[in-house]
Amino acid sequence: MLNETASSTDDRPLARASVRYDAEQHNPQHDTLRQLVGTVLVITREEFEPFTARQNGDRTQQLDPMMFGQNHRLLARFEGKLIEEPDAAYDALDTLLTPTNQLALFREEKGAHVIYVISGRITPQPRSWWLNAVLFIATLGSVLLLGTEMAISEIAADNAILARQLIENLPFELWRGLPYAISILLILGAHELGHYFAARYHKLAVTLPYFIPAPFISPIGTFGAFIQLRQPMKNRKVLLDVGAAGPLAGLIFAIPIVLIGLATSQVREVTGAGLVEGNSFLYALSKTLVFGRFLPSGGEDVFVNQLAWAGWTGLLVTGLNLIPLGQLDGGHILYSLIGDRARRLYYPLLIAMLFMVLFVSQSWLLWMILLFLFGRVYAAPLDMITPLDERRKRIGWLALFVFIVTFVPIPFSVTEIASIAPPTPQPPGSTVLLPLALGLVMLWTRRTR
């Protein structure tokens, strides 16, 4: 889930400036803003545009950039105490500012409530859906092709001649890949539509899902899907709802699909080299529940069919999206739970990811680079004062627990006949390296709060 606006490397709204309001300067627009903000805030300090440097050694106030665009600028800053509950106060002030084409930001700074007023409301224009449809059709073809290849591989194990004939007639055999295609699109679609409907419930402008095809170059036939939020979220409640809805909705479909897929897959003796899917806690538990033992073991392994592969892929995608950094779903969820302290996880998680690259699997190199480049960009809600209710807190921590049980330290490996277990050693506890880093930093931030 990506944000088009109101994303920030810092929670604060505008460029660095030292600001002070000259009380002797009278301006009717200032009076209007003061009256509007005064309906929800007991004002103890106010500062207006144009901002000037403080004199006489006054302490400067640092305001770092939030990406609202070139058509937005800071008009005023008011400090004081809210008269009513923050969410009700924000709604009331937003209603008053709408006719003036202005937007409010609520922040809490050093124990005081702060309201920033910015010119220019964010009103995204409707987008055509044709690109979404083209990408979906292309992704459908991509996953159909992969599913058909899996079906023909299963046939080849018993009848190589028939498998060769099917390959020669591949365009007319794509129907054989329907189990995988339907299953993976159902999981990915549920994930993205979870985001979509949560956003629409909160009246946010959001795009339809963009599916990304990956024929011939991806072992899962796709690079996933995403939606784009085109408005900043009002508060942390909305951020939590939209961020958690996707992975939890996808998981509802991924778990039964992986269980049904494993139950209909064959357990056979390993007789050659092949691609081995990695284990998460949840996937390992699923195999143990279905087969009564952990596999691979005793020279045997489960040869996953299309449904099992789609279910495993769904669990993998869920774990990746819940990495608690930046614009990933896990980053949205953690930011909604602990606010700006979530930024303290940036370096510990990068170090954990570097450890994964060096000692567990080099497949994490690309992810480490992406998180290095984009992991510090967060979706900052307009209102950062309104707290989460207890129900949402429980949902947020549940989503981060899902990250722990779906994270796969070694997504793919190649095994030989003499090595049934994944050939790359899996250090004890490597499955929880990232969650462990999260827990340690959470304890530290709580102690230093």
Side-chain angles (χ1 to χ4, degrees), residues 1-8 11 13 36-37 39-40 66-69 71-72 82 84-107 115-129 131-132 189-210 225-250 321 327-329 331-333 335-337 339 377-389 391-393 395-396 399:
M1 180 180 66
L2 301 177
N3 275 63
E4 183 175 275
T5 54
S7 296
S8 176
D11 177 46
L36 295 179
V37 173
T39 61
V40 299
M66 174 182 281
M67 300 177 188
F68 277 93
N71 296 326
H72 301 82
L82 289 172
E84 52 187 326
E85 291 299 315
D87 51 352
Y90 189 90
D91 288 339
L93 181 57
D94 189 60
T95 300
L96 295 174
L97 290 176
T98 297
T100 66
N101 193 34
Q102 294 167 344
L103 191 66
L105 302 180
F106 278 23
R107 298 292 184 263
I115 296 178
Y116 295 93
V117 179
I118 293 178
S119 65
R121 298 182 67 84
I122 299 169
T123 54
Q125 298 300 312
R127 284 187 181 177
S128 175
W129 53 266
L131 181 58
N132 306 81
H191 183 125
E192 297 308 325
L193 289 177
H195 290 314
Y196 178 85
F197 286 117
R200 295 304 301 149
Y201 174 79
H202 289 289
K203 299 180 174 59
L204 287 171
V206 62
T207 67
L208 290 169
Y210 293 93
F226 68 94
I227 65 169
Q228 188 179 32
L229 287 170
R230 308 192 63 209
Q231 287 178 289
M233 283 165 275
K234 185 175 77 170
N235 54 39
R236 288 194 284 177
K237 294 179 180 179
V238 179
L239 182 62
L240 189 282
D241 288 351
V242 176
L248 294 181
N321 275 283
Q327 295 277 323
L328 295 172
D329 296 340
H332 294 322
I333 293 166
Y335 196 81
S336 68
L337 287 169
V377 180
Y378 285 83
L382 299 173
D383 168 16
M384 284 294 294
I385 300 178
T386 299
L388 291 180
D389 54 81
R391 180 181 66 85
R392 285 185 170 90
K393 288 180 181 179
I395 293 174

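Residues: numbered from 1 along the sequence shown.
Put simply, the side chain of Gln231 does not reach to within 4.5 Å of the side chain of Thr123, judged on heavy atoms.
Between the Thr386 side chain and the Asn235 main chain, no donor and acceptor come within less than 3.5 Å of each other. At least one donor-acceptor pair closer than 3.5 Å links the side chain of Tyr90 to the backbone N or O of Ala104. Of the possible donor and acceptor atoms, one in the side chain of His195 sits under 3.5 Å from a partner among the backbone N and O of Val242. A side-chain donor-acceptor contact under 3.5 Å links Arg230 to the backbone of Gln125.
Enclosure of atom CD in Glu84 by more than 12 non-hydrogen atoms of other residues, nucleotides or ligands within 6.0 angstrom is indicated.
For residues 95-105, no pair satisfies salt bridge (Lys or Arg N to Asp or Glu O under 4.0 Å), with sequence neighbours left out. Sorted by first and then second residue, the pairs that involve residues 90-105 and meet salt bridge (Lys or Arg N to Asp or Glu O under 4.0 Å), not counting sequence neighbours, are Asp91-Lys234, Asp94-Arg121.
The structure places CD1 of Ile118 at 4.0 Å from CG of Leu105, a figure rounded to the nearest 0.5 Å. Rounded to the nearest 0.5 angstrom, Arg236 CZ and Asp389 CG are separated by 11.5 Å. Atom OG of Ser336 is separated from atom CG of Leu239 by 5.0 Å, given to the nearest 0.5 angstrom. Once rounded to the nearest 0.5 Å, the distance linking OH of Tyr196 with CD1 of Ile227 reads 9.0 Å.
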Under 3.5 Å, sequence neighbours excluded: what are the donor-acceptor pairs made by side chains of residues 201-209?
from   : atom 1 : to     : atom 2 : distance (Å)
His202 : NE2    : Asp241 : OD2    : 2.8
Thr207 : OG1    : Gln228 : N      : 2.9

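Gln327 approaches Tyr378 most closely through the heavy-atom pair NE2-C, 3.7 Å.
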